[in-house]
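Since the structure comes first, as structure tokens, the remarks are kept for the end.
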Amino acid sequence: MTYSVQFGDLWPSIRVSLLSEQKYGALVNNFAAWDHAIAELEQLSARDFVNEAFSHWQLEPESGPPAAPAFWTYSPNIRCFTFARGDASRFPCARLGSMGVLDYYLMDAASLLPVLALGLQPGDTVLDLCAAPGGKTLAMLQTGCCRNLAANDISSSRTSRLQKVLHSYVPQDIRDGNRIRVTSWDGRKWGELEGDTYDRVLVDVPCTTDRHSLHEEENNIFQRSRKKERQMLPLLQVQLLAAGLLATKPGGYAVYSTCSLSHLQNEYVVQGTIELLANQYSIEVQIEDLTHFRKLFTDTFFFFPSCQVGELVIPNLVANFGPMYFCKLQRLT
């Protein structure tokens, strides 16, 4: 009922897509024999949608460059292969390569967009505030930009899943060094714990996880018994985003993301957090324009055209990724 009002005539097709089998991408593991992995993925007729988008941008004469060169605007060194629109093929399970780690990580390709939008640069200190199960954390490590990466999740069981992902994909010398720190703290308190600390912060908050909620009955957040918890989600999301921005250095960037279609959990949370920081902390936050980002990836994803703040990828049977909402913010003061 809610989404039919929000999306109008688009909702029936979105709902059918959500109920259909989810489509995945294969994130190439740069810590493995990546050239061998790429050759295998290309033999499956999959394509690297990230580098394909950048190559298309460079060759497009009439599309003037965005405010900054593309390769410095987006997180570098990320390779993710997907099958073409309308191709519902599945990738085989990743195998243990010659480097002792798995060759690629299967994830919804739309989940990479917040990491790409974060724009990691060499030497950045990075915080992944709600990191488990670990796909986005792994993607940030692929960039080679993280001088230090703090990966946090309040749930110890989910943190265990994160540790397993890191163990399967990241060499031991990197895991055991001081580059990666895994914690199970309350993310809402991060502004008090480590304020003004990080160059880049990802705040991928707990949400209604709409696709999974349509497929799973057990412990479903839309059950009547979880109504109060569901109604409190936007407040939790505001608290987490506020903490993430307080942990960001002035001049640094944060990306807020969910896998929900709900504007109450998406743009309303962003707007509410900006007001909160201005009123209680006298901190000014600016929303970044991602129009050029949307144009780069429209060949792979369907973006909802009337999202007022940030970008929303909606599932479609032809390219059934998402949902994924993300908004990039710069802390000015």
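- In terms of heavy atoms, Met140 sits closest to Val115 at CG-CG1, 3.6 Å.
- Ser89 is linked by a side chain to side chain donor-acceptor pair (under 3.5 Å) to Asp87, counting only residues two or more places apart in sequence or in another chain.
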Under 3.5 Å donor-acceptor pairs involving side-chain atoms of residues 238-252, not counting sequence neighbours:
| from | atom 1 | to | atom 2 | distance (Å) |
| --- | --- | --- | --- | --- |
| Thr248 | OG1 | Gly244 | O | 2.8 |
| Lys249 | NZ | Asp199 | OD1 | 3.3 |

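- A donor-acceptor contact closer than 3.5 angstrom is absent between the side chains of Asn320 and Gln22.
- His36 and Glu40 share a side-chain donor-acceptor pair at under 3.5 Å.
- Under a 4.0 Å N-O distance rule, the pair Arg331/Asp196 qualifies as a salt bridge.
- Side-chain contact between Phe91 and Phe83 is present, with heavy atoms from C-beta onward closer than 4.5 Å.
- For Tyr104 and Tyr169, the distance between ring centers is not under 6.0 angstrom.
- The side chain to side chain contact (heavy atoms under 4.5 Å, CB included) with Phe303 is formed by just one residue from the set Met324, Lys295, Glu311; it is Glu311.
- Between Tyr74 and Phe54, the gap from one ring centroid to the other is short of 6.0 Å.
- The local environment of CD in Gln172 is sparse, with at most 12 non-hydrogen atoms from other residues, nucleotides or ligands closer than 6.0 Å.
- The CG atom of Leu10 sits 9.0 Å away from the CG atom of Asn316 when rounded to the nearest 0.5 Å.
- To the nearest 0.5 Å, atoms CD1 (Ile180) and CZ (Arg175) are separated by 8.5 Å.
- Other residues, nucleotides and ligands place more than 12 heavy atoms under 6.0 Å from the NE2 atom of His215.
- In this structure, CD1 in Ile78 is found 9.5 Å from CG in Leu138, a value given to the nearest 0.5 Å.
- In this structure, the side chain of Thr82 does not engage the main chain of Gly25 through any donor-acceptor pair within 3.5 Å.
- Counted by atom type alone, Thr143 and Ser75 present zero donor-acceptor pairs between their side chains at under 3.5 Å.
- In terms of modelled atom types and a separation under 3.5 Å, the side chain of Asp186 and the main chain of Arg188 share a donor-acceptor contact.
- For the residue pair Asp289/Thr291, the side-chain donor-acceptor check at 3.5 Å is satisfied.
- Donor-acceptor pairing under 3.5 Å is recorded for the side chains of Tyr3 and Asp210.
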field: Test side-chain contact (heavy atoms from CB on, under 4.5 Å) applied to Thr209 and Ser260, step by step
entry: CA-CA 5 Å; Thr209 57; Ser260 170; over 6 Å; no

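- Hydrophobic clustering of Ile, Leu, Val, Met, Phe, Trp and Tyr side chains at less than 4.5 Å, counting indirect connections, unites Leu120 with Leu166.
- Counting only distance, with no hydrogens or angles, the side chain of Lys136 and the backbone of Leu202 share no donor-acceptor pair below 3.5 Å.
- Distance alone, capped at 3.5 Å, places no donor-acceptor pair between the Gln142 side chain and the Thr137 backbone.
- Phe302 and Tyr24 fall into different hydrophobic clusters, where Ile, Leu, Val, Met, Phe, Trp and Tyr residues are linked whenever their side-chain heavy atoms come under 4.5 Å apart, directly or through other members.
- The backbone N or O of Pro133 lies less than 3.5 Å from no partner atom in the side chain of Arg161, so there is not a single donor-acceptor pair.
- Because its NZ or CZ atom is not both nearer than 6.0 Å to the ring centre of Phe49 and within 45° of the ring axis, Arg79 does not count as a cation-pi partner of that residue.
- Atom CD of Glu21 sits about 12.0 Å away from atom CG of Leu317, to the nearest 0.5 Å.
- The existence of a salt bridge linking Glu192 and Lys189 is excluded, since no basic side-chain nitrogen approaches an acidic carboxylate oxygen closer than 4.0 Å.
- Ser213 contributes a side-chain N or O that, together with a main-chain N or O of Thr208, makes up a donor-acceptor pair within less than 3.5 Å.
- Heavy-atom neighbours of Arg226 CZ from other residues, nucleotides or ligands within 6.0 Å: above the threshold of 12.
- Heavy atoms from other residues, nucleotides or ligands lying under 6.0 Å from CG of Asp176 number more than 12.
- Looking at Glu284 and Gln286, their side chains never bring a donor and an acceptor atom within 3.5 Å of each other.
- Note: the hydrophobic cluster containing Leu193 does not contain Val126 (ILVMFWY, side chain heavy atoms under 4.5 Å, direct or indirect links).
- Judged as a ring pair (Phe, Tyr, Trp, His ring centres under 6.0 Å), the pairs with a partner in residues 244-267 (not counting sequence neighbours) are, in order, His263-Tyr268.
- Note on Val270: it does not cluster hydrophobically with Phe293, by side-chain heavy-atom contacts below 4.5 Å among ILVMFWY residues.
- Atom CZ of Arg158 and atom CG of Asn152 lie 11.0 Å apart (nearest 0.5 Å).
- Counting all heavy atoms, side chain and backbone alike, Cys207 lies closest to Ile221 at O-CD1, 4.4 Å.
- Of the possible polar contacts, none joining the Asp299 side chain to the Ala53 backbone as a donor-acceptor pair under 3.5 Å is found.
- Taking the six-membered ring for Trp, Phe7 and Phe304 have ring centres closer than 6.0 Å.
- Put simply, the side chain of Trp190 reaches to within 4.5 Å of the side chain of Leu129, judged on heavy atoms.
- The shortest non-hydrogen separation linking Val309 to Glu267 is CB-CB, 3.7 Å.
- Annotation: Arg147, atom CZ; neighbour count of heavy atoms from other residues, nucleotides and ligands within 6.0 Å is above 12.
- Within the 4.5 Å cutoff, side-chain heavy atoms of Leu18 are placed close to those of Leu261.
- Annotation: the span from Asn266 atom CG to Thr258 atom OG1 amounts to 3.5 Å, rounded to 0.5 Å.
- Under a 3.5 Å cut-off, the side chain of Gln237 and the backbone N or O of Val205 do not form any donor-acceptor pair.
- Looking only at distances, a side-chain donor or acceptor of Asn29 sits under 3.5 Å from a matching main-chain atom of Leu102.
- For Arg47, the CZ atom is densely surrounded, since the number of other residues' heavy atoms within 6.0 Å is greater than 12.
- In the hydrophobic clustering of ILVMFWY residues, with side-chain heavy atoms under 4.5 Å counting as a link, Ile154 and Val203 come out apart.
- Under the 3.5 Å distance criterion, the side-chain polar atoms of Glu216 are left unmatched by any main-chain donor or acceptor of Leu214.
- Ser257 and Asp204 share a side-chain donor-acceptor pair at under 3.5 Å.
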